[in-house]
Visitor: 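Here it is, the structure in full.
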Number of protein chains: 2
Amino acid sequence: MGITERKERQRAELREHILRVARDMVMKEGFGALSMRKLADAVEYAPATLYLHFENRDAIARELCVRGFQELLAALEPAAAVKEPVERLSRLAQAYLTFGLERPETYRLIFMEDAKLSAELFQDKQHGEGPRSFALLVKACEDLKAAGRTPEATPAEQLAEVFWAGLHGIVSLKLTCTGFQGSPAEVLAEALVATLVRDPKPGKRAR
Amino acid sequence: MGITERKERQRAELREHILRVARDMVMKEGFGALSMRKLADAVEYAPATLYLHFENRDAIARELCVRGFQELLAALEPAAAVKEPVERLSRLAQAYLTFGLERPETYRLIFMEDAKLSAELFQDKQHGEGPRSFALLVKACEDLKAAGRTPEATPAEQLAEVFWAGLHGIVSLKLTCTGFQGSPAEVLAEALVATLVRDPKPGKRAR
DNA sequence: GTGTTCACTGAACGGTGTTCATCAAAAGTC
DNA sequence: GACTTTTGATGAACACCGTTCAGTGAACAC
């Protein structure tokens with residue numbers, strides 16, 4: 001009875017194939033330019049066939065979103081492995097920027113498209129690559145705080161949110177408001193890290 | 001020969017009427033939901049008539065963008081009038097957030113839609129409400145720097161860009177990634193200001 | 001009164017997402 | 001092997017979309 005298994009496998013393969021082609025099209029021309037008909041054409045099936053594998057166009061977007069977050073997490077992880085908190089923050093910032101600016105359409109899809117898309121991906125705060133990516137920033141800020149190098153009154157979690165917001169702001173303004181920001185993204189990232197980090201206080205070191 | 005004048009006035013009035021209706025529709029359902037046909041229906045003209053007043057749908061978006069930036073500038077100006085730099089920064093942040101969160105679709109239109117839209121509005125760095133809004137932030141950061149309360153190495157302009165990016169990040173993440181940020185926007189705004197501002201250094205006051 | 005201008009429109013073109021009855025081939029059953 | 005059932009795939013349709021353009025009728029100029 002390997003038939004049902006084979007069918008299931010073929011079905012999964014086609015689904016995967018559709019998603020890969022869709023991903024390529026989105027990366028080239030953006031999600032807005034992805035039409036079900038063009039996608040069907042590209043995979044050499046009739047448009048209606050796509051609906052046997054995905055509920056609708058949004059379902060494809062959702063799937064691509066998940067993969068986008070996986071890529072983001074993968075892009076951040078090397079930087080998150082750095083021990084020294086300040087250096088780690090800086091590396092995380094650079095990695096985030098590089099991801100956003102080199103994959104603009106992916107970035108737009110996961111962070112600047114419809115709210116419904118990314119909202120549900122942040123529901124489960126434990127699993128999911130979105131929350132896990134954020135957790136890396138939180139950890140970095142906690143370590144920074146433990147080293148006594150953050151503004152005292154601000155909790156690490158809030159600091160991480162401000163950090164993420166800053167990074168997202170830099171990337172998304174570069175993507176939409178072309179030519180607004182005067183400074184290069186890397187410079188802004190460094191400036192952002194500089195605002196977060198406080199000089200170590202010699203008086204507190206003995207404590 | 002008041003006829004041509006009257007015609008011109010009527011023409012301008014209709015154009016204005018179309019824009020007002022378009023603005024209402026965008027504020028209610030977002031720019032994506034604004035269709036030329038529905039707009040034509042709402043103003044009780046045939047769709048083709050709209051093209052006698054606007055080159056295409058994007059031209060309407062551009063016009064609404066300009067108005068959006070005017071509203072943003074108007075929202076920021078009271079806060080910009082505050083003397084004390086730290087307080088001013090805080091007020092600017094709150095005003096920016098309020099604007100973004102209370103007019104989400106306007107905000108999306110001017111900052112999160114197509115790059116072409118806002119790009120050209122930031123070409124002329126002197127005039128235009130976009131650059132002038134940004135100038136308010138730059139001035140605030142310059143005054144903050146003059147008071148010796150910024151990170152020393154970072155120029156005021158860069159600081160302003162980081163500030164704007166932070167604000168934009170907070171607003172746009174609230175708009176797209178609903179439920180991602182744990183903290184309320186106002187709290188994050190305060191935290192953002194806190195990261196930018198340094199304690200006054202008593203040693204430098206005498207200088 | 002006649003000619004001209006011009007705001008306006010209906011209909012069309014080519015595109016979109018989505019649905020559904022239909023069909024042929026594969027799988028299951030005897 | 002013949003018959004029935006299941007099922008992957010589809011063509012055609014529906015209701016939208018932005019945009020164009022020939023045509024029309026009323027207001028204007030003379």
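Just so it is clear: chains get the letters A, B, ... in the order the sequence lines come, proteins before strands, and each one is counted from 1.
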Visitor: Run the side-chain hydrogen bond (donor to acceptor under 3.5 Å, both in side chains) test against A:Glu186 and tell me which residues pass, sequence neighbours left out.
Guide: none
Visitor: Toward the 5' end of DNA chain D, which comes first, B:Lys38 or B:Arg6, by nearest nucleotide?
Guide: B:Lys38
Visitor: With sequence neighbours excluded, tell me which residues meet side-chain contact (heavy atoms from CB on, under 4.5 Å) with A:Val66.
Guide: A:Gln70, A:Leu121
Visitor: Can you name the residues that form a side-chain hydrogen bond (donor to acceptor under 3.5 Å, both in side chains) with A:Arg198, not counting sequence neighbours?
Guide: none
Visitor: Considering only distance and modelled atom types, tabulate donor-acceptor pairs under 3.5 Å from the side chains of residues 165-173 of chain A, sequence neighbours left out.
Guide:
from     : atom 1 : to       : atom 2 : distance (Å)
A:His168 : ND1    : A:Tyr107 : OH     : 2.6
A:His168 : NE2    : B:Ser172 : OG     : 3.0
A:Ser172 : OG     : A:His168 : O      : 2.8
A:Ser172 : OG     : B:His168 : NE2    : 3.0

Visitor: Taking side-chain hydrogen bond (donor to acceptor under 3.5 Å, both in side chains) as the definition, give me every residue that meets it alongside A:Arg23, ordered by chain and number, with sequence neighbours left out.
Guide: A:Glu71
Visitor: Per the salt bridge (Lys or Arg N to Asp or Glu O under 4.0 Å) rule, what does the pair list look like for residues 24-52 of chain B, sequence neighbours excluded?
Guide: none
Visitor: Measuring from A:Phe111:CZ to A:Cys65:SG, what's the distance to the nearest 0.5 Å?
Guide: 8.5 Å
Visitor: Atom CG of A:Asp58 to atom P of C:dG17: distance rounded to whole Å?
Guide: 11 Å
Visitor: To the nearest Å, give me how far apart CG (B:Asn56) and C1' (D:dG18) are.
Guide: 9 Å
Visitor: Counting Watson-Crick and G-U wobble pairs only, both distances under 3.5 Å, name the nucleotide matched with C:dT18, or none.
Guide: D:dA13
Visitor: Kindly indicate whether the side chain of A:Arg37 and the base of C:dG17 share any N or O donor-acceptor pair separated by less than 3.5 Å?
Guide: yes
Visitor: How many whole angstroms separate atom CD of B:Glu5 from atom P of D:dA27?
Guide: 20 Å
Visitor: Return the residues of residues 40-52 of chain B meeting this criterion: a heavy atom under 4.0 Å from some atom of DNA chain D. Order them by number, or give none.
Guide: B:Ala48, B:Tyr51
Visitor: How would you list, by chain and number, every residue that makes a side-chain contact (heavy atoms from CB on, under 4.5 Å) with B:Ala189, sequence neighbours excluded?
Guide: B:Ala93, B:Gln94, B:Leu97
Visitor: Mark yes when over 12 heavy atoms from residues, nucleotides or ligands other than A:Gln10 sit less than 6.0 Å from its CD; otherwise mark no.
Guide: yes
Visitor: Could you check how far CD of B:Glu55 sits from C1' of D:dT19, rounded to whole Å?
Guide: 11 Å
Visitor: Whole angstroms only, please: what is the CD-C1' distance between A:Glu8 and C:dA27?
Guide: 16 Å
Visitor: Take atom CG of B:Leu39 and atom P of D:dC16, then tell me their distance rounded to the nearest Å.
Guide: 17 Å
Visitor: Report the distance from atom CD1 of A:Ile3 to atom P of D:dT6, rounded to the nearest whole Å.
Guide: 16 Å
Visitor: Applying salt bridge (Lys or Arg N to Asp or Glu O under 4.0 Å), which residue pairs with at least one partner in residues 61-70 of chain A are found, sequence neighbours left out?
Guide: A:Arg15-A:Glu63, A:Glu16-A:Arg67, A:Arg62-A:Glu120
Visitor: Quick one: which of C:dT18, C:dA26, D:dG18 gets closest to the side chain of A:Lys7?
Guide: C:dA26
Visitor: Going by number, which of residues 23-35 of chain A have a non-hydrogen atom under 4.0 Å from DNA chain C?
Guide: A:Leu34, A:Ser35
Visitor: Which residues in residues 10-21 of chain B have a heavy atom closer than 4.0 Å to any atom of DNA chain C?
Guide: B:Leu14
Visitor: What pairs of residues pass the side chain to side chain donor-acceptor pair (under 3.5 Å) test when at least one of them lies in residues 81-92 of chain B, not counting sequence neighbours?
Guide: B:Arg88-B:Asp143, B:Ser90-B:Glu190
